[in-house]
Engineer: 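Sharing a structure with you now.
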Amino acid sequence: MNFLVFVKQVPDTETKIQIAGDGKSIVEEGVNFIVSPYDEIAIEEALLRKEALGGEITVVTMGPNRGEAALRTALAMGCDKAVHLEDDAFLGADSYATAKALAAVVKKYSPDLVFFGKQGVGTDNTQVGQMVAEMAGLGHIGMCVKLEIEGDKVRGEREIEGGRETIEVSLPAVVVAQKGLNEPRYPALRGIMQAKRKPIEKLTVADLGLSADEVGLAGSRTEFASLTLPPAREAGKKLEVEPEVAAKEIVAFLKNEAKAL
Amino acid sequence: MILVFAEQRDGILKKAAKEAVSEGKRLSSKLSVPVAAVVMGKGAAGAVDEVKNFGPDKVFLVESAPLDQYSADGFAEAMANVAKEQGATVILFPATTMGVDVAPRVAAKVKAGLVSDITGLEVADGKLLATKPVYSGKAIATVSFKSDIQMVTLRSNVFPLEENPSSPEVVTVDGSGISPMGIAVSTELKEGGKVELAEAAVVVSGGRGMKGPENFPLIEELAELLGGAVGASRAAVDAGWIDHSHQVGQTGKVVSPTVYIACGISGAIQHIAGMGSSKFIIAINKDEDAPIFNVASLGIVGDLFKVVPALTEELKNLN
């Protein structure tokens, strides 16, 4: 079985965000970039499936040159090959323009199963996996926390408000991974060494049979008009009192200020 | 036309759907275009009367057999069909698990820009400007649209419910030609009465200071007394004390309740990202230097194992 895993390189979740001079983006200097945590879950699921069923895993990212580090991490975890969509025309893409490019990759490689993380930590859009599924004409399982493959069918559980539902779809299909699906492994030293020798294929817009105005900023349907820091919260009262007094204070607060009682 | 996906399950309209229709109605007067609600799936007819309370000019009802079971692609096709036929320019979804699953497919079908999980919506020069937390709330983006069709999903608990009864025309739409690919083959709902974390007006969360799974009933009882939901920090989830579906923070759920009560949570940047937009924050922590106190509207420096039971007792005495 052939697997495709899409990953995004994002700022470490520890990052303290600073707004850049253009007022629309973040300061990247000094920021540590990592594989988006949900995408690690997607990689792990592909690895587990490959271990059980055999096949080959291709990991794909789109983005600037630094994205190669994300691919090396995925290769070190055990993916077989990597594809880097690296072309200035891809830059500045919103979810729509991203999905356009990634759907072209899906069509080019015709995988049996495609994995995404549920969102890139950062833009937090939760869109690209579903959009790619639509553009590539595939069914999907969104926010998947449990997966079963049986013949040419995949069944996945997803969390919904107040419970869970099981979605069934025929292969080829897209699975959008949510936390809980598995515990991603750490790359072992041997994996890291091997990753250095694994191939990374570079693809441009032309390689995907797309034109520059379909992708990147030009192909985007939305655009950041501005980026600001949220208003700082002011700390209120801080009390160090007996538990019973504290309890009375909290109840008074819930009643009078929060009006929650 | 403004089209609102009014999510329902078995004839019951979701609270987040009511918020979305209310916002659609407000937008309708700002843009001077009519607003329509779309209800679909099994039992949808039962939700029509309820949706009328929120002022739509029209209601589209899609209740065909292929949509009896939830399907992201099937529902998206039905929604996109209505949008294309009506020439919709704005499409609103609640940012529920269903809305988040269906909306991107609709956006791909109608070639629309989509902004997810928005917390504000304005109109400038006849176009929408959406406000959306990014980096889990560490920054706020204002997003504009370049596409003719503009789509957003609305964060729960942010856009006010507004009753505004109307007598809309109800149009039945045929969805029998749809053949879904991904289909919900079973649905398992937990025992009723539990309040959903993302929709809860009160969230009581436990962190590392809870010391173990055996102590979570303490905050469960408190949450129940306040009609709220139980949350947790990543530390508590990673320790296996509580299911990850309760996790609040950058790699968990982002919540914005009226009151967030943090018990034994130090307040790592990733946790604050997930709850920093709560209206009021109450923190109970032994460590007076815990960063959670920097964002707390009311901070209690003390032992949660004494303060929480005292609080529970106090609340019980009220009733």
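Note that the structure is predicted; figures quoted are calculated from it, not measured. A, B, ... follow the sequence lines: proteins, then strands. Residue 1 opens every chain.
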Engineer: Establish, from distance only, whether the side-chain atoms of Gln127(A) and Ser116(B) form a donor-acceptor pair under 3.5 Å.
Structural biologist: yes
Engineer: Has the side chain of Arg221(A) got a donor or acceptor atom that lies under 3.5 Å from a matching backbone atom of Lys111(B)?
Structural biologist: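 It does hold such a pair.
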Engineer: Within the structure provided, determine whether Ile250(A) and Glu314(B) are in side-chain contact (heavy-atom separation under 4.5 Å).
Structural biologist: no
Engineer: In terms of heavy-atom proximity below 4.5 Å to chain B, should Pro11(A) be classed as side chain, backbone, both, or neither?
Structural biologist: side chain
Engineer: Ser71(B) versus chain A, heavy atoms under 4.5 Å apart: side chain, backbone, both or neither?
Structural biologist: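 The answer is neither part of Ser71(B).
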Engineer: So Val145(A) and His244(B), do their side chains get closer than 4.5 Å, heavy atoms only?
Structural biologist: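 His244(B) vs Val145(A): side chains touch.
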Engineer: Find the distance between CD1 (Ile300(B)) and CD (Glu249(A)) and round it off to the nearest 0.5 Å.
Structural biologist: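 The distance works out to 6.5 Å.
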Engineer: Looking at Gln119(A), Glu223(A), Met131(A), Lys237(A), which has the largest count of heavy-atom pairs under 4.5 Å with chain B?
Structural biologist: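 Of Gln119(A), Glu223(A), Met131(A), Lys237(A), Glu223(A) has the most heavy-atom pairs under 4.5 Å with chain B.
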Engineer: Between Val169(A), Val245(A), Thr228(A), who has the most heavy-atom pairs with chain B when the cutoff is under 4.5 Å?
Structural biologist: Thr228(A)
Engineer: Please classify the contact between Ile269(B) and chain A as side chain, backbone, both or neither, with a heavy-atom cut-off of under 4.5 Å.
Structural biologist: side chain
Engineer: So what's closer than 4.5 Å to chain B heavy atoms on Pro230(A): side chain, backbone, both or neither?
Structural biologist: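 For Pro230(A), the contact with chain B is made by backbone and side chain together.
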Engineer: Would Gln270(B) and Thr13(A) count as having a side-chain donor-acceptor pair, cut-off 3.5 Å?
Structural biologist: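 Their side chains do contain a donor-acceptor pair, which is all the 3.5 Å distance test asks for.
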Engineer: Could you check whether any side-chain heavy atom of Asp73(B) comes within less than 4.5 Å of a side-chain heavy atom of His140(A), counting everything from C-beta outward?
Structural biologist: no
Engineer: Counting only heavy atoms closer than 4.5 Å, note whether Glu157(A) contacts chain B via side chain, backbone, both or neither.
Structural biologist: neither
Engineer: Just how far is it from atom CG of Asn125(A) to atom NZ of Lys132(B), taken to the nearest 0.5 Å?
Structural biologist: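 Taking CG in Asn125(A) and NZ in Lys132(B), the distance rounds to 4.5 Å.
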Engineer: About how many Å separate OG1 of Thr15(A) and CD of Gln250(B), when rounded to the nearest 0.5 Å?
Structural biologist: 8.0 Å
Engineer: To the nearest 0.5 Å, how far apart are CD in Glu77(B) and CD in Glu134(A)?
Structural biologist: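 Spacing of CD (Glu77(B)) from CD (Glu134(A)) equals 8.0 Å.
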Engineer: Is Ala112(B) close to chain A through its backbone or its side chain, or both, or neither, when contacts mean heavy atoms under 4.5 Å?
Structural biologist: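 Answer is backbone: N, CA, C or O of Ala112(B) sit under 4.5 Å from chain A.
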Engineer: So which residue, Gly236(A), Ala97(A), Pro37(A), Gly142(A), ends up with the most heavy-atom pairs under 4.5 Å with chain B?
Structural biologist: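 Top count of heavy-atom pairs under 4.5 Å with chain B: Gly236(A).
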Engineer: Under a 4.5 Å heavy-atom cutoff, which of Ile183(B), Leu311(B), Ile261(B) has the most pairs with chain A?
Structural biologist: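 So the answer, after comparing Ile183(B), Leu311(B), Ile261(B), is Ile183(B).
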Engineer: Counting heavy-atom pairs under 4.5 Å with chain B, which one of Glu161(A), Glu183(A), Arg164(A), Glu242(A) comes out on top?
Structural biologist: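 Looking at each option in turn, the highest pair count goes to Glu161(A).
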Engineer: Highest number of heavy-atom pairs under 4.5 Å with chain A: which of Pro133(B), Ser245(B), Gly302(B)?
Structural biologist: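 The residue among Pro133(B), Ser245(B), Gly302(B) with the greatest pair count is Ser245(B).
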Engineer: Check whether any side-chain heavy atom of Met143(A) lies under 4.5 Å from a side-chain heavy atom of Val100(B), and answer yes or no.
Structural biologist: yes
Engineer: Do the non-hydrogen side-chain atoms of Leu239(A) and Leu298(B) ever get within less than 4.5 Å of each other?
Structural biologist: yes
Engineer: Check for a donor-acceptor pair, side chain of Tyr70(B) on one end and backbone N or O of Ile167(A) on the other, with a separation under 3.5 Å.
Structural biologist: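 No: the side chain of Tyr70(B) does not pair with the backbone of Ile167(A).
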Engineer: Name the region of Lys253(B), side chain, backbone, both or neither, that has any atom closer than 4.5 Å to a heavy atom of chain A.
Structural biologist: side chain
Engineer: Can you tell which part of Ser36(A) gets under 4.5 Å to a heavy atom of chain B, answering side chain, backbone, both or neither?
Structural biologist: neither
Engineer: Quick check for you: to the nearest 0.5 Å, what is the distance between Lys109(B) atom NZ and Met135(A) atom CE?
Structural biologist: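 Between Lys109(B) NZ and Met135(A) CE, I get 11.5 Å after rounding to 0.5 Å.
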Engineer: Chain B heavy atoms under 4.5 Å from Tyr96(A): which part of the residue, side chain, backbone, both or neither?
Structural biologist: side chain
Engineer: May I ask you to name which of Ile19(A), Val176(A), Leu254(A) has the most heavy-atom pairs under 4.5 Å with chain B?
Structural biologist: Leu254(A)
Engineer: As an exercise: rank Ala141(B), Ser144(B), Gly227(B), Ala139(B) by heavy-atom pairs under 4.5 Å with chain A and give me the winner.
Structural biologist: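 Of the options given, most contacts go to Ser144(B).
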Engineer: Considering only heavy atoms from C-beta outward, does the side chain of Thr258(B) approach that of Lys259(A) to under 4.5 Å?
Structural biologist: no
Engineer: Does a sphere of radius 6.0 Å around NZ in Lys16(A) hold more than 12 heavy atoms from other residues, nucleotides or ligands, not counting ones at 6.0 Å or beyond?
Structural biologist: no
Engineer: What I'd like to find out is whether the side chain of Thr187(B) reaches to under 4.5 Å of the side chain of Ile160(A), using heavy atoms alone.
Structural biologist: yes
Engineer: Under a 4.5 Å heavy-atom cutoff, which of Gly113(B), Ala310(B), Ser186(B) has the most pairs with chain A?
Structural biologist: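 The answer is Ser186(B).
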Engineer: Between Ile140(B), Val143(B), Leu129(B), which shows the greatest number of heavy-atom pairs under 4.5 Å with chain A?
Structural biologist: Ile140(B)
Engineer: Counting only heavy atoms from other residues, nucleotides and ligands, does the tally under 6.0 Å from CD of Gln18(A) exceed 12?
Structural biologist: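 Incorrect, the count does not exceed 12.
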Engineer: Could you give me the CA-CA distance, side-chain angles and deciding distance for Val301(B) and Lys238(A), then say whether side chain to side chain contact (heavy atoms under 4.5 Å, CB included) is met?
Structural biologist: CA-CA 7 Å; Val301(B) 182; Lys238(A) 189 156 109 181; 3.8 Å; yes
Engineer: Between Lys118(A) and Asp101(B), does at least one N-O distance fall below 4.0 Å, as a salt bridge requires?
Structural biologist: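 Salt bridge absent between Lys118(A) and Asp101(B).
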Engineer: Under a 4.5 Å heavy-atom cut-off, does chain A meet the side chain of Leu197(B), its backbone, both or neither?
Structural biologist: neither
Engineer: Does Asp117(B) form a side chain to side chain contact (heavy atoms under 4.5 Å, CB included) with Asp124(A)? I'd like the steps, not just the answer.
Structural biologist: CA-CA 8 Å; Asp117(B) 205 23; Asp124(A) 301 340; over 6 Å; no
Engineer: Against chain B, label Ile26(A) side chain, backbone, both or neither, depending on which of its atoms sit under 4.5 Å from a heavy atom there.
Structural biologist: side chain
Engineer: At a heavy-atom distance under 4.5 Å, which candidate from Gly276(B), Ser147(B), Ala95(B) has the highest pair count against chain A?
Structural biologist: Ser147(B)
Engineer: Using non-hydrogen atoms and a 4.5 Å limit, figure out which bit of Lys255(A) sits close to chain B: side chain, backbone, both or neither.
Structural biologist: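 It is the side chain, since no backbone atom gets that close.
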Engineer: Under 4.0 Å between a Lys/Arg side-chain N and an Asp/Glu carboxylate O for Glu165(A) and Arg9(B)?
Structural biologist: yes
Engineer: Report which part of Asp238(B) has an atom under 4.5 Å of a heavy atom belonging to chain A: side chain, backbone, both, or neither.
Structural biologist: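 Asp238(B) touches chain A through side-chain heavy atoms alone.
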Engineer: Do Leu226(B) and Leu261(A) touch side chain to side chain, with heavy atoms closer than 4.5 Å?
Structural biologist: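 Yes, side chains in contact.
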Engineer: Non-hydrogen atoms of chain A under 4.5 Å away: do they reach the side chain of Gln150(B), the backbone, both or neither?
Structural biologist: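 Neither the backbone nor the side chain of Gln150(B) comes within 4.5 Å of chain A.
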Engineer: Tell me, side chain or backbone of Ala260(A) under 4.5 Å from chain B's heavy atoms, or both, or neither?
Structural biologist: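 The side chain, not the backbone.
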Engineer: Please step through side chain to side chain contact (heavy atoms under 4.5 Å, CB included) for the pair Leu114(B) and Thr222(A), ending with a clear verdict.
Structural biologist: CA-CA 7 Å; Leu114(B) 169 62; Thr222(A) 61; 5.9 Å; no
Engineer: Please identify, among Ser226(A), Ala232(A), Ala133(A), Gly163(A), the residue contributing the most non-hydrogen atom pairs under 4.5 Å to chain B.
Structural biologist: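 Highest number of heavy-atom pairs under 4.5 Å: Ser226(A).
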